Amino acid sequence: MVEILTVVCVCDMLERNKQKGGTVTTATATPKLFRNQRKHDPDSECAQAIRDTYWTMFGHYAFPGFNVDDFDATVTQLQLATGWHKGFVKNAILGHAALQELPRLRELQQDTRVMDVGHLTAVYTAIEELGPDVTEEALKLIDDILFDTFTPKRHDQTVPQRNTVTDRIRAAIKRMDPDRAYDKRKRQQREKDTADRFRVDEFHSGGKDRAVVELMTNPLYARKIQANVTAVARELGISHAEAATKLLSGECAGIEVVPVLNVYTPTNRAVGGPVYLPGSGWTDIEATSAFEEWLADTFPIQRNLDEAAEKMLKGYAPNDPMRRAVHARHRTCIYPSATARPSNASWTTASRSKTAAPPRWTISSPYAKSITI
């Protein structure tokens, strides 16, 4: 009863104050901030500026619909532009990309930039443990948990550490599906086992029985398989998944295709030296050894890309050697903000202008020789 009378008195005072032409000042609660967000602290403000910069550079990856056609090329471009370590750039991209599935956390990060790259790395690596068939329900639960985690409950609260993010996501996964709970021993065993292997795992998801076919091998064989799948898919007019299924199930007997794999090497490459596989990067010792064996058993076509380094054509479209040189030099279209691969990008943009002079195509490639197998 006292509380009701008090409210009436306050309201009456406000009404009388308005009638007299006075002003009313009301106090608002100071928003709670983590310790790393403290105002007028030089160290905190510098750290906040760094996180702001990360969001400026990588924030666009956090929004649905933004995809990268050639991840390795994007990483390399950013690595060269910043001088940052390759692993850091990869984690920054993938960490921000994980926010595409977490709308509440994305909005929070967009407003506050409270999380650094370490936090975001913990987010995406923990979510990866759910596998490719993660449900919307699971993602919503994780989104809510992380939103709560990075919303301070008191002023100057210490910001949660990376291991806190990991532990809370793993705890949520364990509650949702005990079979997917994190097992350190099993993970260490998987990381140790890098030998070639083939296996089939069956599972039930979304009311359907599904299966995963997994092959562990070196990057060269992986790209050879990819080239064969692509050739069969193109020949039969089917999807890559259907082509892979037909190849592995033996339903492609009698179909003749010519898969093509472009491999780039320096002109003076010594036997046993690494080669560059588009999409995979430079080969390690195992993949290089497999390449040498494959090279000895086939009849590759070798092209010297130095010959395409300086060319001028009368038309607007580059010739075939130029195309290969561009593929070697640039993993993606070099137009600002473009992410398309050179093979998918437009080569004849200049032809839209009737008054434009014929372009001069200049190529400067670090990979002077192309081997097509």
Side-chain angles (χ1 to χ4, degrees), residues 55 58-69 71 74 90-112 114-151 160-191 193 197-216 229 238-245 248 339:
W55 179 259
F58 301 103
H60 51 280
Y61 296 108
F63 293 91
F66 191 95
N67 298 310
V68 176
D69 288 333
F71 182 74
T74 302
K90 291 177 65 174
N91 288 336
I93 295 175
L94 294 174
H96 283 83
L99 298 180
Q100 293 189 17
E101 311 274 19
L102 309 171
R104 295 188 71 200
L105 189 63
R106 177 178 67 243
E107 184 177 357
L108 179 68
Q109 180 68 358
Q110 184 178 15
D111 292 340
T112 66
V114 66
M115 294 182 290
D116 60 22
V117 173
H119 292 121
L120 295 170
T121 301
V123 172
Y124 97 79
T125 52
I127 290 178
E128 274 191 336
E129 294 173 9
L130 279 169
D133 56 330
V134 57
T135 64
E136 291 185 8
E137 179 186 6
L139 289 171
K140 185 179 184 305
L141 176 60
I142 292 172
D143 192 19
D144 292 340
I145 290 173
L146 294 178
F147 180 87
D148 183 70
T149 298
F150 286 99
T151 301
Q161 298 300 300
R162 172 175 176 167
N163 61 333
T164 301
V165 175
T166 303
D167 292 343
R168 292 189 180 182
I169 294 178
R170 286 175 178 168
I173 293 172
K174 187 174 183 179
R175 291 197 301 271
M176 289 183 295
D177 189 351
D179 292 336
R180 295 188 181 190
Y182 176 74
D183 188 316
K184 185 177 180 180
R185 181 182 59 80
K186 290 182 179 179
R187 178 162 184 170
Q188 289 176 338
Q189 183 60 36
R190 287 197 303 270
E191 290 175 347
D193 184 12
R197 67 171 183 267
F198 175 83
R199 72 180 189 187
V200 177
D201 293 324
E202 297 180 0
F203 61 95
H204 188 79
S205 176
K208 296 182 180 180
D209 291 326
R210 309 295 291 167
V212 174
V213 180
E214 180 182 276
L215 173 64
M216 176 80 79
V229 170
I238 58 179
S239 69
H240 282 67
E242 292 173 314
T245 301
L248 292 173
T339 58

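Please read these numbers as outputs of a predicted model, since none were measured by experiment. The basis for the numbers below is simple: all heavy atoms, side chains too, and nothing from hydrogens, waters or symmetry mates. Numbers here simply count residues along the sequence, with the first being 1.
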Output, in order, the C-alpha distance, side-chain angles, deciding distance and verdict of side-chain contact (heavy atoms from CB on, under 4.5 Å) for Glu101 and Ile127.
-> CA-CA 10 Å; Glu101 311 274 19; Ile127 290 178; 6.0 Å; no
Value for CD (Glu137) from CG (Leu139), rounded to nearest 0.5 Å, stands at 10.0 Å
With sequence neighbours excluded, residues passing ring-ring contact (aromatic ring centres under 6.0 Å, His included) with His60 = Phe66
Please identify each residue that fulfils side chain to side chain contact (heavy atoms under 4.5 Å, CB included) with Glu214, with sequence neighbours left out.
-> Arg197, Arg199
Can you tell me how far CZ of Phe71 sits from CD1 of Ile93, rounded to the nearest 0.5 angstrom?
-> 5.0 Å
CG (Leu146) and CG (Leu102) are apart, to the nearest 0.5 Å, by 6.5 Å
Under the 3.5 angstrom rule, does the side chain of Asn91 hit a backbone N or O of Thr121 as a donor-acceptor pair?
-> no
Taking every non-hydrogen atom, the tightest pair across Ala98 and Val123 = CB-CG1, 4.3 Å
Kindly give the heavy-atom pair with the smallest separation between Arg106 and Ala62, and that separation in Å.
-> CD-O, 3.0 Å
Hey, mind stepping through Val213 and Phe198 against side-chain contact (heavy atoms from CB on, under 4.5 Å) and telling me if it holds?
-> CA-CA 8 Å; Val213 180; Phe198 175 83; 3.4 Å; yes
For Phe147 against Leu105, the heavy-atom pair lying closest together = N-CD1, 4.1 Å
From Thr74 atom OG1 to Tyr61 atom OH, the distance as rounded to the nearest 0.5 Å = 5.0 Å
Once you round to the nearest 0.5 Å, how far does CG of Leu108 lie from CE of Met115?
-> 6.0 Å
Can you tell me if CD on Glu107 sees more than 12 non-hydrogen neighbours from other groups inside 6.0 Å?
-> no
Using the six-membered ring wherever Trp is involved, compare the ring planes of His119 and Phe150 and label them parallel, tilted or perpendicular (cut-offs 30° and 60°).
-> perpendicular
On a heavy-atom basis, the closest approach of Ala211 and Val200 is CB-CG1, 4.4 Å
Residue pair Ala122 / Ile169: nearest heavy atoms and the distance that separates them | O-CD1, 4.4 Å
So which heavy atom on Arg104 is nearest to which on Asp143, and how close?
-> N-OD2, 2.9 Å
Reported CG-to-CZ distance for the pair Leu99 and Phe58, which is rounded to 0.5 angstrom | 13.0 Å
